[in-house]
Protein chains: 4
Amino acid sequence: MLTTDALYARTSDEAWVQAMLDAEVALAWAQEALSAIPPGTARALKAVSDARRFPPTELARGSRLGGNPVIPLVAALRQEVGPGSADWVHHGATSQDILDTAAMLVAARATELIDQQLASLCAGCAALCDRHRSTVMVGRTLLQHALPITLGLKAAGWLMAALEGRAALGRVRTRLPVQLGGAAGTLAALGDRGAEVAGAMAEALGLAATTLPWHTNRTVVVELGAALGLVSGVGAKIAWDVALLMQTEVGEAFEPAAPGRGGSSTLPHKRNPVGAAAVSSAHRQASALVSVLFASMANEHERALGGWQAEWETLTTLLRLTGGIVATVSETVGSLEVDTTAMARNLERTGGALLAERVVGALAPTLGRERARGAVEEAVARTGASGRPFARELAEDPLIGAELTEAELAALLDPAGYLGSASVFVERALAAYHGS
Amino acid sequence: MLTTDALYARTSDEAWVQAMLDAEVALAWAQEALSAIPPGTARALKAVSDARRFPPTELARGSRLGGNPVIPLVAALRQEVGPGSADWVHHGATSQDILDTAAMLVAARATELIDQQLASLCAGCAALCDRHRSTVMVGRTLLQHALPITLGLKAAGWLMAALEGRAALGRVRTRLPVQLGGAAGTLAALGDRGAEVAGAMAEALGLAATTLPWHTNRTVVVELGAALGLVSGVGAKIAWDVALLMQTEVGEAFEPAAPGRGGSSTLPHKRNPVGAAAVSSAHRQASALVSVLFASMANEHERALGGWQAEWETLTTLLRLTGGIVATVSETVGSLEVDTTAMARNLERTGGALLAERVVGALAPTLGRERARGAVEEAVARTGASGRPFARELAEDPLIGAELTEAELAALLDPAGYLGSASVFVERALAAYHGS
Amino acid sequence: MLTTDALYARTSDEAWVQAMLDAEVALAWAQEALSAIPPGTARALKAVSDARRFPPTELARGSRLGGNPVIPLVAALRQEVGPGSADWVHHGATSQDILDTAAMLVAARATELIDQQLASLCAGCAALCDRHRSTVMVGRTLLQHALPITLGLKAAGWLMAALEGRAALGRVRTRLPVQLGGAAGTLAALGDRGAEVAGAMAEALGLAATTLPWHTNRTVVVELGAALGLVSGVGAKIAWDVALLMQTEVGEAFEPAAPGRGGSSTLPHKRNPVGAAAVSSAHRQASALVSVLFASMANEHERALGGWQAEWETLTTLLRLTGGIVATVSETVGSLEVDTTAMARNLERTGGALLAERVVGALAPTLGRERARGAVEEAVARTGASGRPFARELAEDPLIGAELTEAELAALLDPAGYLGSASVFVERALAAYHGS
Amino acid sequence: MLTTDALYARTSDEAWVQAMLDAEVALAWAQEALSAIPPGTARALKAVSDARRFPPTELARGSRLGGNPVIPLVAALRQEVGPGSADWVHHGATSQDILDTAAMLVAARATELIDQQLASLCAGCAALCDRHRSTVMVGRTLLQHALPITLGLKAAGWLMAALEGRAALGRVRTRLPVQLGGAAGTLAALGDRGAEVAGAMAEALGLAATTLPWHTNRTVVVELGAALGLVSGVGAKIAWDVALLMQTEVGEAFEPAAPGRGGSSTLPHKRNPVGAAAVSSAHRQASALVSVLFASMANEHERALGGWQAEWETLTTLLRLTGGIVATVSETVGSLEVDTTAMARNLERTGGALLAERVVGALAPTLGRERARGAVEEAVARTGASGRPFARELAEDPLIGAELTEAELAALLDPAGYLGSASVFVERALAAYHGS
């Protein structure tokens with residue numbers, strides 16, 4: 001439920017089996033190219049290496065005996081490929097070589113999709129930035145009205161986060177490595193050709209070559225997980241902002257409507273932020289799953305007892321959740337319904353007190369900051385108590401009224417006039433986007 | 001891979017759908033019993049409430065629009081049940097009522113199995129305790145030889161942990177509650193019969209009645225998750241001990257052998273602790289998943305945006321992992337291969353220095369503890385350097401030799417004579433087991 | 001910053017040192033009572049067992065060599081107590097005996113305070129329940145208006161959670177056990193008196209006796225941590241509700257005001273939910289810390305390498321954070337500012353559509369649920385588009401208008417008339433409180 | 001206890017206060033340089049900006065009212081600096097600007113130390129690689145003997161992990177940014193000079209300039225935390241390997257000895273891996289703390305309610321724990337005691353079966369792999385049962401004996417002859433080190 005069909009297909013049990021098969025074929029191919037095994041082996045292996053021949057449920061049962069799915073898969077492959085080539089299937093490799101390589105292939109294939117979704121999310125944020133440069137709205141801190149901002153600035157913050165998330169994922173997804181070390185990381189069964197074979201195998205698969213086997217050095221897995229967690233958090237920030245804006249009392253922006261979408265099972269008048277709820281749920285899970293990877297780094301000696309095995313499901317779920325988050329948020333941002341009338345109305349909610357800081361700033365040069373702040377705070381308090389406009393309370397204050405005319409006060413209380421560097425920031429974010 | 005077939009069946013997508021259907025039927029039944037809806041509704045509903053009619057994949061797709069699987073399920077149910085009863089399907093309930101009730105049903109059904117597995121684990125530990133009361137072995141602290149213990153005592157520690165884990169799970173699994181609150185927790189759509197309907201529904205399902213709806217009070221879910229995490233940790237402790245004992249250099253106990261079990265994909269001589277690896281992997285994941293539940297308690301107002309939704313997959317996975325752990329460890333303990341010869345050999349590894357504390361204790365009354373300890377430490381150091389027996393180094397020490405004869409020293413260095421309260425503790429653990 | 005002064009005092013480094021000293025004294029006392037060590041030892045030890053004599057910083061430095069603070073503490077104690085008794089200090093115990101016992105003492109002393117705070121929180125919730133039985137307000141699900149509830153019902157939900165949290169903490173805090181096992185859990189150095197000494201020591205300290213040493217069976221520590229995490233989550237739920245109610249656009253309830261409290265460093269008009277922010281921050285940390293305890297259960301053999309050591313700081317921080325949360329939330333609830341005018345105003349925000357479910361229910365018997373729901377949904381949509389009152393749109397709908405008079409519609413749209421079992425639930429929660 | 005004195009000093013409460021003061025001074029300096037505030041302000045501020053003037057305990061108490069320590073700090077600063085400059089203290093900034101900037105300064109100062117420790121760790125690993133290129137030892141997978149490796153290769157794995165950890169930390173620590181956004185991220189109080197001021201402030205502090213304020217875009221904080229978690233995991237892997245090698249039964253390598261180090265409080269013969277225990281404990285905590293940062297990314301609107309506040313303590317603890325880990329592991333590796341005699345002895349433990357894979361490989365060309373594996377497996381089994389040397393069992397097997405002479409078998413069973421690419425990998429790792 002929390003992922004997309006396309007991403008699910010690239011991370012399914014079948015996708016894992018296919019990636020393991022691809023790893024075995026590439027291993028054979030690499031050895032054949034170096035004349036280390038008889039010609040024709042790789043082709044024979046390739047011919048039977050279709051995941052549909054090897055049902056995951058059977059492999060899962062077989063795994064319980066040997067502790068991983070490669071053992072039953074290799075047995076089945078040897079059966080399928082026939083006696084001529086069987087001896088050379090999996091030659092020189094250990095189960096972890098195949099599983100780690102498969103994990104990197106699955107990750108490469110899945111993050112390719114996630115990267116595309118991130119590109120689309122960035123485009124959506126940039127379009128919002130561009131369109132709403134001048135849409136003034138309330139800026140909120142600790143869920144309280146703080147100062148005016150623009151929707152463009154809010155979207156610029158989303159955009160920067162999305163760009164940074166995409167860059168972080170990009171840094172790791174382009175250097176996902178092959179794994180080949182043999183039973184103890186020496187590639188002893190391959191004589192003195194081991195390192196060469198590993199290089200050829202990497203090339204065949206489009207994965208990065210390695211300096212040495214990384215059976216118990218899991219930095220790349222953790223960096224991948226961390227990048228996914230980061231992207232997940234970026235999506236969660238955006239979704240959460242939308243959910244808060246969508247509150248009945250706020251009503252400034254909405255997830256796109258569709259027939260049946262966001263409906264309640266009982267309440268005809270409700271429109272639920274179902275995208276945000278799904279994203280928040282996925283992000284909570286992703287954040288905890290990332291910690292499994294960090295906590296599992298202390299792999300024993302040359303191959304781990306438990307830490308490595310904890311990665312498989314964790315990484316798969318992280319890929320699915322992150323992809324689901326990005327797809328959902330990308331759709332939300334791309335079709336965000338913005339209610340600028342509500343934004344304008346909310347700017348008035350505090351009767352003008354939203355601009356109190358500005359009034360303090362205007363009075364400070366003459367009154368000194370402390371006195372200015374004191375006078376304005378009192379006017380704010382009177383506004384709260386009386387319900388009268390803040391401008392009126394300010395004008396009638398003897399200290400303030402002596403300094404600022406009603407017209408000056410009116411100008412000071414115009415939210416559109418107190419946006420500071422908002423537009424500079426919007427332009428910078430757009431430049432970062434277009435330069436990226 | 002990390003669970004059992006039986007447990008998987010009770011936590012599958014289909015099992016969830018069936019539990020949701022059971023909740024809807026019980027809701028109808030409860031209202032019918034109170035004459036709140038037309039007679040015959042519950043029977044009509046029951047007739048079509050078979051999970052196989054409602055494929056999970058379709059429900060999952062439908063869920064994306066409404067944010068949960070109940071909305072499409074109720075729509076499908078109304079279709080199936082026909083116009084007469086359709087109006088009364090899901091009457092007065094909200095999606096969360098059905099999902100929470102279903103979660104409790106799934107949990108009740110799954111933990112029933114886990115409880116049985118725990119009973120079997122306790123029995124296995126108790127049998128080991130009983131059989132190996134007098135099997136002396138090395139006690140190890142910080143992975144170093146410390147003092148002699150018995151295998152019975154080690155098993156007694158496992159037994160107590162298993163009993164405590166079972167008790168913790170028992171406390172929560174017997175009070176899993178029904179959920180019924182309607183759209184905002186008031187059961188307004190049921191008029192003044194709401195509380196009564198909830199009680200009848202609980203009874204129909206064999207779940208606990210509730211004081212009030214717990215839509216955003218998730219203590220029971222967290223307590224369930226914590227109990228599962230606790231049980232998972234108990235299993236991990238036992239499995240980890242076995243894996244350490246199974247090390248090539250230690251070789252004192254082994255997971256049961258079976259054809260193909262623990263084999264390596266490349267190394268004919270290996271016997272891998274595959275059970276322990278699976279358990280360790282599952283426990284790492286379970287520990288992180290528990291934190292999702294704790295972190296998701298701050299549910300918004302009358303129904304959460306994300307926190308609640310994070311529970312579904314988390315709880316399901318926790319049930320599966322914990323059950324897989326207990327099943328594996330129960331099998332390991334029940335068929336543990338013990339090599340008492342290796343145990344005896346390892347007791348000799350330090351040449352007798354294992355009993356150094358005892359010698360200090362024997363010398364302390366005459367030499368004073370500090371001098372006694374100093375003399376014994378020097379003898380330990382000489383043993384390490386010379387490779388000669390500790391007894392010899394002690395006897396030849398002028399200070400020690402003056403106090404203790406060779407025969408006295410030999411008696412002091414007999415591991416079987418320095419077991420303190422080990423047998424008392426074993427008896428206590430067995431009494432706790434038989435009393436439980 | 002996230003805890004109270006009183007709780008900090010009970011969990012400080014000095015409090016830990018004192019608890020370790022108390023454990024050593026009790027150990028001596030227990031042995032003396034059984035004539036296992038010379039009379040007068042316990043008194044001599046007691047005389048010097050004042051934490052202020054043993055600065056934590058020196059112990060911390062000393063710890064790095066031996067891996068725990070007990071080793072340097074015992075050395076210092078022997079120095080202080082003088083040669084006569086020095087030999088009998090720490091007799092028969094291992095470092096973990098003292099540290100675990102100290103941890104339980106610290107926990108007992110800290111949770112005594114937390115329990116009192118929880119009692120105060122429960123009282124505050126109960127008072128709110130009682131006072132606001134009939135205060136109607138909007139019930140919100142997924143941050144959207146759902147149906148009317150009462151503030152009493154919301155407080156009843158808080159009360160039940162607080163009662164359950166208190167019960168969970170109570171279950172574990174009353175059975176915190178002593179630890180005494182000696183170097184490998186056999187108490188060998190105490191001959192055949194070990195178990196008896198452990199019992200006497202427990203009694204002396206007011207801790208629970210144990211069946212056997214629990215050096216590597218950490219269930220009680222994990223149950224304690226889980227109970228603290230649960231309480232922390234209960235507090236976070238309440239604080240989060242208040243923060244959401246305190247939003248500028250909602251304004252229904254507020255953390256108590258105090259001079260300087262919730263002020264912004266720049267914005268004179270702001271009133272920040274600083275209590276909620278602190279609680280949310282503490283809860284996030286607590287939830288992750290709980291997982292450290294679960295993940296560290298797989299302790300090696302008779303004493304752990306790392307898992308046990310990870311508990312000390314974790315447990316201390318958990319106690320502090322949880323206590324800080326409960327104290328803050330208790331204050332918030334006890335002095336909650338409620339704006340019933342704002343509550344009434346917000347009930348009108350949807351122009352009456354909040355009661356749409358009720359109108360559907362009223363029409364269903366004659367129109368059938370599907371048609372009724374369709375007609376009402378259309379009226380809701382027209383209200384949204386036109387801004388006219390929902391009652392008007394309903395009355396002018398030919399289908400609905402034919403069924404219900406304007407007076408009937410007006411009655412149906414009265415929030416106070418659609419509260420279902422709210423008052424029953426409030427009474428039940430109060431009964432649970434008074435019965436507790 | 002889990003950190004170094006030097007690192008503690010850079011992350012202490014006082015260090016945080018000094019960093020906040022440095023941020024305020026730089027802010028004043030930047031504005032003065034742009035003539036936005038009166039000349040002399042920065043100098044006046046600088047004169048009083050000494051952390052020792054502002055006791056952390058008072059700030060902590062002050063924080064509870066305003067929710068962060070900047071509010072009381074600014075008040076105290078204004079007091080100290082006197083009326084002339086007080087108005088310009090903190091001008092245009094919000095609390096989070098100062099706290100985030102301070103966090104980045106603390107992180108920059110602390111990670112400078114950690115980077116140096118990492119350099120030393122890398123040097124230690126490289127020296128081991130270099131010295132033990134040809135030291136043959138058992139390679140272990142799942143805690144079982146697998147195949148021979150060299151200690152150089154094991155150290156090469158540690159070296160690569162340490163280099164990658166250092167690179168990851170380096171990537172983030174060189175781009176830690178300043179924070180300056182004002183109350184809602186627009187820098188409105190600075191008119192149109194805001195972005196310029198932020199740039200000048202960054203330069204003054206030696207921090208990276210920012211594209212826009214990142215009040216609620218926490219990617220850099222999460223990346224920092226993830227890099228620390230990664231480094232922590234790298235250290236944990238190394239420490240754990242040493243602890244396993246240090247087991248009484250294995251005895252191949254040891255943490256450096258020092259008087260009192262690793263001693264037990266009761267057992268004279270023990271030498272505990274106290275460094276590894278501390279590291280494992282710290283790593284467990286660090287892994288969970290990282291997840292707090294990931295889970296706290298969904299910051300509300302323009303400033304968070306809880307998520308941001310959870311970073312302060314978390315980041316501080318992460319810095320301390322990671323630094324403590326690296327310092328400990330660096331010392332362990334730099335002074336590792338290696339027992340090559342024990343390594344040689346352990347290579348013989350399986351009576352030669354360690355090389356079984358090699359024998360299979362030698363027989364495969366003539367017998368076919370399946371038959372070869374079958375015959376060798378039987379010989380392994382016979383060795384296990386009889387206790388006779390594997391060579392003898394092989395030679396006496398009719399199938400094997402017919403293919404290989406005793407001399408050939410002896411050569412095949414020489415561990416030094418079956419190291420595959422180990423030396424290539426060692427050279428590569430050293431090249432990566434020297435090139436780094």
Side-chain angles (χ1 to χ4, degrees), chain B residues 87 139-143 146-147 149 156-157 160-161 164-165 183-190 194-195 211-212 216-217 219 222 226 229-230 233 236-237 240-241 244 283 287-288 290-291 294-295 297-303 305 357 361 364 368-369 418-422 424-425 428-429 432, chain C residues 87 139-143 146-147 149 156-157 160-161 164-165 183-190 194-195 211-212 216-217 219 222 226 229-230 233 236-237 240-241 244 283 287-288 290-291 294-295 297-303 305 357 361 364 368-369 418-422 424-425 428-429 432:
Chain B
D87 269 11
R140 296 168 177 93
T141 61
L142 290 103
L143 296 184
L147 279 183
I149 61 167
M160 288 310 300
E164 289 161 16
T186 60
L187 285 172
L190 301 181
T211 308
L212 47 160
T216 55
N217 166 18
T219 53
V222 174
L230 187 80
K237 153 64 178 163
W240 186 220
D241 271 5
L244 290 169
H283 174 238
S287 300
V290 171
S291 77
F294 282 96
M297 288 182 74
N299 281 202
E300 287 80 12
H301 291 313
E302 280 61 67
R303 182 104 22 91
L305 197 159
E357 182 196 68
R369 184 157 298 268
Y418 198 61
L419 293 167
S421 302
V424 176
F425 292 147
R428 283 185 178 180
Chain C
D87 270 11
R140 295 168 177 94
T141 61
L142 290 102
L143 296 184
L147 279 182
I149 61 167
M160 288 311 299
E164 288 161 15
T186 59
L187 285 171
L190 300 182
T211 307
L212 48 159
T216 54
N217 166 18
T219 53
V222 173
L230 187 81
K237 153 62 179 164
W240 187 221
D241 271 5
L244 290 170
H283 173 239
S287 300
V290 171
S291 75
F294 281 96
M297 288 182 74
N299 281 202
E300 287 81 12
H301 291 313
E302 280 61 66
R303 183 105 20 92
L305 196 159
E357 184 197 65
R369 184 155 297 267
Y418 198 61
L419 293 167
S421 303
V424 177
F425 291 147
R428 283 184 177 181

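As a basis for the values below, the full set of heavy atoms in this structure was taken, side chains included, without hydrogen atoms, waters or symmetry mates. Chain A is the first sequence line, chain B the second, and so forth, proteins listed ahead of strands; every chain is numbered from 1.
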Between [X] and [Y], what is the shortest heavy-atom contact and its length?
{"X": "F425(B)", "Y": "A195(C)", "value": "CE2-CB, 4.1 Å"}
{"X": "A161(C)", "Y": "N217(B)", "value": "CB-OD1, 3.4 Å"}
{"X": "A429(C)", "Y": "L212(B)", "value": "CB-CD2, 4.0 Å"}
{"X": "A183(C)", "Y": "L147(B)", "value": "CB-CD1, 3.7 Å"}
{"X": "W240(B)", "Y": "E300(C)", "value": "NE1-OE2, 3.0 Å"}
{"X": "S421(B)", "Y": "L187(C)", "value": "OG-CB, 4.3 Å"}

Q: Hey, could you give me the CD/CG distance between E302(B) and L142(C), rounded to the nearest 0.5 Å?
A: 11.5 Å

Q: Could you list the residues that satisfy side-chain hydrogen bond (donor to acceptor under 3.5 Å, both in side chains) with T186(C), not counting sequence neighbours?
A: none

**Q.** Passing option when E164(C) is tested against T219(B), V222(B), T211(B) for side chain to side chain contact (heavy atoms under 4.5 Å, CB included)
**A.** T219(B)

(Q) My understanding is that only residues two or more places apart in sequence, or in another chain, count here; which of them pass side-chain contact (heavy atoms from CB on, under 4.5 Å) with T216(B)? (A) N299(B), K237(C)

(Q) Please identify, among G229(B), A146(B), A422(B), the residue contributing the most non-hydrogen atom pairs under 4.5 Å to chain C. (A) G229(B)

**Q.** Part of L190(B) within contact of chain C (heavy atom distance under 4.5 Å)
**A.** neither

